[in-house]
Each structure stands twice: as structure tokens, then as C-alpha cells.
Amino acid sequence: MTRNILVVEKILSANDRIAAENRAIFDASGIKAFNLMASPGAGKTSLIEQTIKRLLPTLNLAVIDGDIATNIDADRAAAAGAIAVQINTGGECHLDAIMINSALKQMNLQDIEVIIVENVGNLVCPASFQLGTHKSVLIASIPEGDDKPYKYPGMYRGVDALVINKIDLLPYVPFNMEYFRKGVEILNPGLETFPLSCKTGEGLDSWIQWIKIHAQA
Ligand code: MG
Ligand code: ZN
């Protein structure tokens, strides 16, 4: 038992060292980086598409897409006009700092102002692996249910912003916003939260404002 804990701690501290290296690379290139995490189907790629559409004229944006097997999400980001790099994790259920480090080596960082990392869809281990990004964002969505902060506290505790996607579905699925927000508030008091719909566009402006503020900070 103790031995297993030691092994895990060793892996995480090695990861943290590379994450610090990634942060230094971002900072030296004047890049602000955002780590987007969520369960599968919460709308990470849709939010990235909408964000690219609204930011591209003014900010040079690149996407690093983590996926277990396919290029579908990176292709969507590229189709929306961003520089897109795909990381196939080969079955691994999260991105780690080494994967980001090797992606950065394939990119011409001089031309980039913002990097959005789309993590692997998973509400557990992405929270444990620092990538070196400046801000972590969690995307929740209405169909997932209002109990997720209670079930996945680690994910809600460590993030800098929370997007609540698919609010257009509120009339159709049971979701108690008050109960959900109470769970979030216990874990991460005062967390900046953006209820929105990538489908209707409602609420997207405040999210874009937040990205812009932190992209230029
Ligand atoms: Mg996706
Ligand atoms: Zn994992």
C-alpha cells in the first residue's frame, strides 16, 4: 500500500517538473495556455469551435487535442481555422506534461498567442496531472446531471473557471441548478462560472470576455 503511494507520488513529481518546463516555454513565447477538462460529450470541442470563431480575428490561437484514438476533434479545430495538433494518447485516459512538451516541439510558437488544450474526456485523472497551462477550466453540461460536483470533487476543486454547457436543455432534463451550484461553492468558493449554450450562443459572450482577459494578462 505505502509502496504504491510512493510510486504514484514519484510519477506525479516527475510530471510536475515537465509541467514547469512547459510553463517556462509558454512564458518565453508570450503564450497564455488553457487546459479544458470535462467528461466525454460535455461539449469541449464545440466550445473550442465557438471560441476559435470569436477570437481568431484578434488573437492567434492554437489547439492541442488529446484523444484516446482519433483525430476528429483536432480536425474540427483546424476546420474552424486554428492551428491544431493532435495527441493520440494510445489508450491513456488523460494528458500529461510530457505529451504537451512533445506537442509544443512540433509547433511554431512564435506565431501563437493562445493555446487551448482539449484534455481527454474524463472527470478523474486529468485533475492530477499538471500540464503547465496558466488556467484550468472545467466544462460541465446539463445532461450529465446536477450531482457531479458531489461525485467528482477533485475535478471541481482545482479549476479556475467552470462552464455549464447545454443550458438550452434545462427545460427538458432534470437538473437542479441550485443544488449543483451549492456543491460547487463548497469545493471551490467564488469559482467563476459561465452558464452557456454552444448551440444557441446564449452566454458565450461572458466566456469569451474571460478568455480575452486572461489571454492578455
Ligand atoms: Mg472533444
Ligand atoms: Zn488517466
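Nothing here was measured: the structure is a model prediction, and the numbers come from that model. Numbers here simply count residues along the sequence, with the first being 1. One-based numbering, in listed order, for ligands and for the atoms of each.
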Between N101 and E21: side-chain donor-acceptor atoms closer than 3.5 Å
yes
Compute whether any side-chain donor of one residue and acceptor of the other, for N88 and D67, lie under 3.5 angstrom apart.
no
Looking only at N, O or S atoms, which one in E118 sits nearest to the Mg ion (ligand 1)?
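Among the N, O or S atoms of E118, the one closest to the Mg ion (ligand 1) is OE2.
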Indicate if the distance from the Mg ion (ligand 1) to the nearest N, O or S atom of D73 falls below 2.8 Å.
yes
From the Mg ion (ligand 1) out to just under 2.8 Å, does an N/O/S atom of T45 turn up?
yes
In H94, the N, O or S atom nearest to the Zn ion (ligand 2) is which?
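In H94, the N, O or S atom with the shortest distance to the Zn ion (ligand 2) is ND1.
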In this structure, are over 12 heavy atoms from other groups packed under 6.0 Å from I72 atom CD1?
no
Measure the shortest side-chain to side-chain distance between P143 and K166 over non-hydrogen atoms and say whether it is less than 4.5 angstrom.
yes
